[in-house]
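Below: one structure, written as structure tokens.
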Amino acid sequence: MSVTAPSAGPPARSGKAAALGWLLTIGLNVVAPIVTYNTLTEDHGWSEFSALLLSSAWPVLDTAVMAAWRRKVDEFAVVTLVFLVITAVVSLVGAHTARALLVKDSGVTGLFGLLCLGTLLAPRPLMFYFGRKFATDSTPESTAWWNGMWQYEGFRSTMRTMTLVWGVAYVAEALTRIALAYALPTDTMVVVSPVMIYGVLAALGVWTAWFGRRRAAEGARRAAEAEAAAAATAA
């Protein structure tokens with residue numbers, strides 16, 4: 001019989017370890033690349049491609065730090081690095097007009113959506129690794145608990161559904177923004193484009209949190225029903 005939920009919950013999180021891990025993650029994967037890119041392009045006249053390429057060194061450093069600290073590779077940093085490389089390649093290809101740059105921005109999110117969909121063919125989908133980053137403090141105990149959840153069919157289904165929704169949403173968002181880039185004036189699209197990017201991200205974040213809680217509640221309910229049935233049979 002397929003078990004849908006574990007009987008034990010996650011181990012207690014280490015507040016200090018979680019805070020330090022997130023400080024490194026946000027600092028090296030978000031803040032440092034943005035500051036580096038803006039400084040090089042605005043203050044030193046570097047090309048977008050060269051600035052993005054150098055900015056990608058920060059996620060590499062994060063991966064090295066986490067590998068030395070936790071004795072494992074941080075998939076979140078790897079995905080950030082892949083995203084930066086995609087951005088650099090897209091910015092290098094084709095024309096450099098204002099409309100072309102707007103289309104290229106859409107291409108980046110579209111390629112990320114395709115990356116999500118592509119990982120559905122992998123042993124574990126992308127949202128499994130994103131979920132582990134957000135749901136644990138990266139300690140060996142919490143990581144082992146999250147990895148162990150993969151044995152449950154309900155958990156596997158949840159991770160695959162989340163990955164599918166993120167992939168489809170970002171592909172659809174990219175196609176919509178590309179169409180709007182040609183339909184709307186450039187100055188209008190400069191405002192609409194970031195609103196769409198962060199709007200879709202916020203919507204996906206809210207949906208993911210809701211869906212995760214819903215599936216966890218369903219799994220707990222089924223586990224409780226199974227335990228009650230087993231107790232009744234034993235009695």
Side-chain angles (χ1 to χ4, degrees), residues 1-32 58-83 112 115-167 204-231:
M1 181 177 67
S2 175
V3 180
T4 57
S7 57
R13 294 169 65 107
S14 169
K16 291 182 179 179
L20 181 57
W22 275 110
L23 182 63
L24 285 172
T25 295
I26 295 173
L28 296 178
N29 288 278
V30 180
V31 177
W58 292 110
V60 173
L61 177 60
D62 182 43
T63 300
V65 170
M66 291 301 294
W69 181 23
R70 300 296 190 190
R71 304 296 182 183
K72 70 180 185 67
V73 174
D74 187 348
E75 294 85 0
F76 187 87
V78 173
V79 171
T80 302
L81 175 60
V82 170
F83 193 79
F112 178 74
L115 174 64
C116 289
L117 296 177
T119 62
L120 291 173
L121 302 177
R124 298 182 184 185
L126 187 60
M127 286 303 126
F128 170 84
Y129 301 105
F130 272 32
R132 188 169 67 186
K133 185 67 179 179
F134 284 92
T136 74
D137 56 11
S138 298
T139 57
E141 295 78 14
S142 61
T143 300
W145 164 76
W146 184 263
N147 292 343
M149 293 285 287
W150 188 253
Q151 66 183 296
Y152 301 106
E153 188 279 331
F155 181 80
R156 296 194 299 270
S157 173
T158 298
M159 293 298 105
R160 291 187 175 116
T161 300
M162 287 180 176
T163 303
L164 175 64
V165 170
W166 276 69
L204 285 172
V206 171
W207 175 84
T208 299
W210 169 81
F211 185 70
R213 288 194 298 267
R214 176 186 173 187
R215 295 301 295 267
E218 290 175 354
R221 176 179 55 79
R222 287 193 294 267
E225 291 173 352
E227 290 179 1

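- Here Trp146 and Phe155 bring their ring centres to under 6.0 angstrom of each other.
- Nearest heavy-atom pair, Pro125 versus Leu120, reported as atom, atom and distance to 0.1 Å: CB-CD2, 4.2 Å.
- Trp207 is listed as a side-chain neighbour of Met162, based on a closest heavy-atom distance under 4.5 Å.
- A salt bridge does not link Arg156 with Glu153: none of the charged nitrogens is closer than 4.0 Å to a carboxylate oxygen.
- A cation-pi arrangement, defined by a distance under 6.0 Å to the six-membered ring centre and an angle within 45 degrees of its axis, is present between Arg124 and Phe128.
- Smallest separation of non-hydrogen atoms from Cys116 and Gly167: CB-CA, 3.7 Å.
- Under the 3.5 Å distance criterion, the side-chain polar atoms of Thr119 are matched with a main-chain donor or acceptor of Leu126.
- Between the side chain of Thr163 and the main chain of Met127, a donor-acceptor pair closer than 3.5 Å is present.
- Atoms CZ and OG1, from Phe211 and Thr158 in turn, are 5.0 Å apart once rounded to the nearest 0.5 Å.
- Within the 4.5 Å cutoff, the side chain of Ser157 has heavy atoms near those of the Arg215 side chain.
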